[in-house]
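Residue numbers start at 1 and run along the sequence shown.
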Amino acid sequence: MSAPMEVDEPMETEVSESKWLVEKARGCIKSDAYTAKSLLITARTLFPQDLSIQFEAYCIEKAARNVKPSAALLLEMFKHFHEEAILWQELQLVTHALQSEYQDTSAEFLQELFESLPAEAQFDILLRCADHATDTFQKCKLKLLMIKKFPDAIMEHGVVLVESLLEAEKAGDKLGAVNHFRKLLVCEVLPIICATENMQLSAKQYSKWLQRAMEFYMVYLSQPNRRSETSPVSPTGPPDVLTQGSGMGVQDKDGMLANPWKNLHQLLILISERCDWVTKCIPSHERSFRDQWQHISGSHDKNEDFHSSTLRKPTFYATVLLFLRAVFKYACGIDPNQFASMSNATTSQQPAMVLLDDLESKKKSKRHKHKKRKYEAGELRDPGDSDGSDDSPQFPPATVCLNKSLGITQELVDSFQTAVDCWQFLTSHELFEKDLTWLLHRWKAEKWQWLTAFQIDKFIYRGEFGQCLRLLQDEHKSLAQIQPAEENPVMLKTLVQMTAAYFRLGQYSSACEMTLNAMWILPESTSEGGSQKRPPSPERQPHSSKHLRQLQLVPCTTSMVMPFFVQLLLLSYKKKTFHHGDTNDSALGHMLVLMQYDWPKEENLFFEVIKRIKKEGEFAYTIFFNYVVCADMLEEFAFLKTEEGGKIKLDLTATPQSSQRQRTITRGVSKGGKEDFKAAMERQMTRCGENVDQLLRKFLTTERDSLLQLLM
């Protein structure tokens, strides 16, 4: 008889037998699934505390896509083995499938499995998975999933979830307003919590949440495009939301947040309802900008109890929301390529627009002392915008001209007008102004270049050029620090508007200097032969008064900006020469050169200059033949030399040029004029076809010192 077999310890025997049964079941699964299941049922009965047997049984049912058996096994493991790592890995797969936007067969099965579990088990699994998660963002996403599926849990877990997200954002290393924590909070958590009644939260708490939501959407929408990422005035924070999908179901197919303005408006309505604010003063999101503004303004005028917070708060936030939306619409209209959320292949080819002032409108000598207080733009100054003197000059109200050929539509003009009205309304009330100032400071709005650009245009629109110039000087200083002026398209726009501000303040020398600085970075003309295509004529606003200043939005290009520079310089020399009685031949000569641009537009001014020359009896401009090529002007000066023209003494220092005679000088110059003068004029006539744009560019760069000196 053989020796008796040695007996292992009981525990080792159980492990060996359970492992044998699992391996045996695995071997049978492909050839005989029923045998495999029977072996595992036997193993589970013999060894109920062995997770490997339970998990193997679960895997077999899962592979066979048997939802209910798989769910039963997963639930049993969750109850008895919730500390095991392999179980948490499987639960992580389940919760990931619940959050995934992109479904495959495996994710669909896990979703069905989870839905077949009892509601109590679902809640416990989500809660424990959230508590077990080590990553804060994942923990918050699981809590969000939990309160979405179980609204009754919002009362207990909702506010805690908000605080967790805010703390995580605060603990982040210099996170800006656009980050995944804030995105989850604003786009998904707050709409759920604010829609829940009886949360017993203070209006102050809800207001803070609303402010954070407004900041997020505003910074998100206005994230700078690649071409402006180096700007020191770009919004703070990394543009991670645009470049990394979070998979939370809040993005459209292009990866952008869907309907941000609508979502923000709905959040305002929800919070107003929770705070018992008067919601009727909040206009419908679907209405036009002007209708929304009229709704807010009319609601304010009808309600006497405006100091009540139930009316004041919703009016304030509705106005701020409308203001931000209108400014953003205007900013997109004048330069869509500045924003990553708006830029595309079409907009990338569009130059930025610049608001040009009507340089020839007159100042008013005094402000009306008993003028009715209104909120319409141009009729009421912001607090602190003026020096308070009744004798300070004020420009007439303005209107922005339509120009459909340039894309300046009524909708774009309305967005600008609405933004101006909202700003004036907010700064005309002490409490509103205080709250607005605090909000903009908290949001670091001074770094929002698009908002600064609006403020500059607003000051131009309202004729507040001192305030305008201060902003422009700060902008110019910031831009000069980051890259060469010729590589920054914003610099040209800044210089253009600085010229207008200096001119309006009577600082003609500084206006001239800014113009000449801009010439160095103004792109070269691409036209051949004559001048470039001139700006299309603007359209006067319907029902606008002829006494309003007519402002134009034009592309910041050479063909659009050059006429403005010429007009500004001509007006500066005109004021110097005609209004101040300071007759200077060089100033008159410079005017002659400038008047060639878009001739005969300035023909009347030309004859004023000729009249002044005749009165003096002599005229000396030694660079005349370098720059004057207009045939009409040359004929007139040839005539001045004759008996009929007054025999004016002209010192023009003609520069000899060799070319054939192409046009006959008339009006008697050949009868009595000197032969050398006659020959010089005839030679000059051969230059009449020269490109005036290029000629003026050369004039403005070569004669810079003289141009500046004469306006000192």
Side-chain angles (χ1 to χ4, degrees), residues 231-233 327 334 352-364 367 377-378 380-389 391-398 400 416 419-420 423-424 427 440 445-481 485 488-522 549 551-554 556 561 564-565 567-569 571-572 575-576 707-708 711-712:
S231 172
V233 291
V327 174
I334 63 174
M353 296 278 185
V354 57
L355 185 66
L356 298 183
D357 184 34
D358 178 10
L359 297 176
E360 296 187 276
S361 63
K362 307 297 182 183
K363 294 180 181 180
K364 294 179 180 179
R367 189 192 315 171
L380 181 66
R381 293 176 180 265
D382 287 351
D385 279 358
S386 68
D387 59 7
S389 169
D391 295 324
S392 58
Q394 183 185 17
F395 293 94
V400 179
F416 176 71
V420 172
W423 178 269
Q424 191 159 315
T427 55
L440 295 179
E446 68 278 2
K447 296 183 179 181
W448 297 354
Q449 193 278 330
W450 54 272
L451 184 58
T452 301
F454 162 75
Q455 295 285 13
I456 291 169
D457 288 355
K458 174 178 70 73
F459 286 132
I460 292 174
Y461 176 81
R462 295 170 58 185
E464 297 167 353
F465 293 98
Q467 294 282 73
C468 176
L469 184 58
R470 281 189 282 274
L471 278 180
L472 286 166
Q473 288 171 333
D474 291 341
E475 180 89 345
H476 182 267
K477 183 178 180 180
S478 297
L479 292 171
Q481 295 175 348
N488 193 330
V490 182
M491 178 62 86
L492 177 59
K493 178 178 177 180
T494 301
L495 290 173
V496 171
Q497 293 185 316
M498 287 181 77
T499 63
Y502 277 122
F503 177 85
R504 281 306 200 173
L505 294 172
Q507 301 179 35
Y508 304 125
S509 178
S510 295
C512 178
E513 182 179 8
M514 291 300 105
T515 299
L516 300 178
N517 288 345
M519 290 304 302
W520 287 103
I521 62 175
L522 198 65
R549 290 160 51 230
L551 309 185
Q552 295 185 50
L553 274 167
V554 301
C556 201
V561 170
F564 179 77
F565 286 159
Q567 182 194 30
L568 183 141
L569 291 172
L571 288 173
S572 297
K575 290 176 182 292
K576 178 77 171 178
L707 287 163
L708 285 173
L711 291 175
M712 291 294 186

Margin query: Go through it in stages, so that I can follow the logic: the residues are Q467 and R470, the test is side-chain hydrogen bond (donor to acceptor under 3.5 Å, both in side chains), and I'd like the CA-CA distance, side-chain angles, deciding distance and then a yes or no.
Written below: CA-CA 5 Å; Q467 294 282 73; R470 281 189 282 274; 2.4 Å; yes

Notebook entry, point to check: Looking only at heavy atoms, which two atoms of L495 and A518 are closest? And how far apart?
Noted result: CD1-CA, 3.8 Å

Check: Any side-chain heavy-atom pair from E446 and T452 closer than 4.5 angstrom?
Finding: no

Item checked: Approximate separation, where rounding is to 0.5 Å, of L492 CG and M519 CE -> 10.0 Å

Checklist line | F564 vs Q552 side-chain heavy atoms within contact, under 4.5 Å | finding: no

Checklist line | Minimum-distance pair of heavy atoms, taken over all atoms of C512 and L707 | finding: SG-O, 4.0 Å

Note to self: One pair to check against ring pair (Phe, Tyr, Trp, His ring centres under 6.0 Å): F503 and Y508. What are the steps and the verdict?
What the structure shows: CA-CA 5 Å; F503 177 85; Y508 304 125; 5.4 Å; yes

Next item on the list: Search all heavy atoms of I460 against all heavy atoms of D357 and return the closest pair with its distance.
Entry: CG2-CB, 4.2 Å

Check: How far apart are the C-alpha atoms of H476 and L472, what are their side-chain angles, what is the distance that settles it, and do they pass the side chain to side chain contact (heavy atoms under 4.5 Å, CB included) test?
Finding: CA-CA 6 Å; H476 182 267; L472 286 166; over 6 Å; no

Item checked: CD1-CZ distance between I334 and F454, expressed to the nearest 0.5 angstrom -> 10.0 Å

Item checked: Closest contact, heavy atoms only, L568 versus T499 -> CD1-O, 3.5 Å

Checklist line | Main-chain N/O of C556 paired to K493 side chain as donor or acceptor, under 3.5 Å | finding: no

Notebook entry, point to check: Roughly how far, to the nearest 0.5 Å, is the CG atom of L522 from the CG atom of L516?
Noted result: 12.0 Å

Notebook entry, point to check: About how many Å separate CG of L451 and CD1 of I456, when rounded to the nearest 0.5 Å?
Noted result: 10.0 Å

Check: So, does R549 use its side chain to make a donor-acceptor pair with the main chain of Y461 at under 3.5 Å?
Finding: yes

Next item on the list: Just do the side chain to side chain contact (heavy atoms under 4.5 Å, CB included) check on L553 and V354 with the steps written out, would you?
Entry: CA-CA 5 Å; L553 274 167; V354 57; over 6 Å; no

Next item on the list: Please round to the nearest 0.5 Å and tell me the distance separating atom CE of M491 and atom CG of L479.
Entry: 5.0 Å

Check: Under a 4.5 Å cut-off applied to non-hydrogen side-chain atoms, are Y502 and F465 in contact?
Finding: no

Checklist line | Within-4.5 Å side-chain heavy-atom neighbours: V496 and T515 | finding: no

Next item on the list: Over all heavy atoms of both residues, which pair between S509 and L708 is shortest? Give the atoms and the distance, please.
Entry: O-CD2, 3.6 Å

Check: Can L469 and L505 be said to form a side chain to side chain contact (heavy atoms under 4.5 Å, CB included), step by step?
Finding: CA-CA 9 Å; L469 184 58; L505 294 172; 3.8 Å; yes

Note to self: Run the side-chain hydrogen bond (donor to acceptor under 3.5 Å, both in side chains) test on Q497 and E475 for me, step by step, so that the C-alpha distance in whole Å, both residues' side-chain angles and the decisive distance to 0.1 Å come before the verdict.
What the structure shows: CA-CA 11 Å; Q497 293 185 316; E475 180 89 345; over 6 Å; no

Next item on the list: For V561 and F565, run side chain to side chain contact (heavy atoms under 4.5 Å, CB included): C-alpha distance rounded to whole Å, both residues' side-chain angles, the deciding distance at 0.1 Å, then the answer.
Entry: CA-CA 6 Å; V561 170; F565 286 159; 3.3 Å; yes

Note to self: Quick check for you: to the nearest 0.5 Å, what is the distance between R462 atom CZ and C468 atom SG?
What the structure shows: 12.0 Å

Checklist line | Any side-chain heavy-atom pair of D457 and V420 under 4.5 Å | finding: no

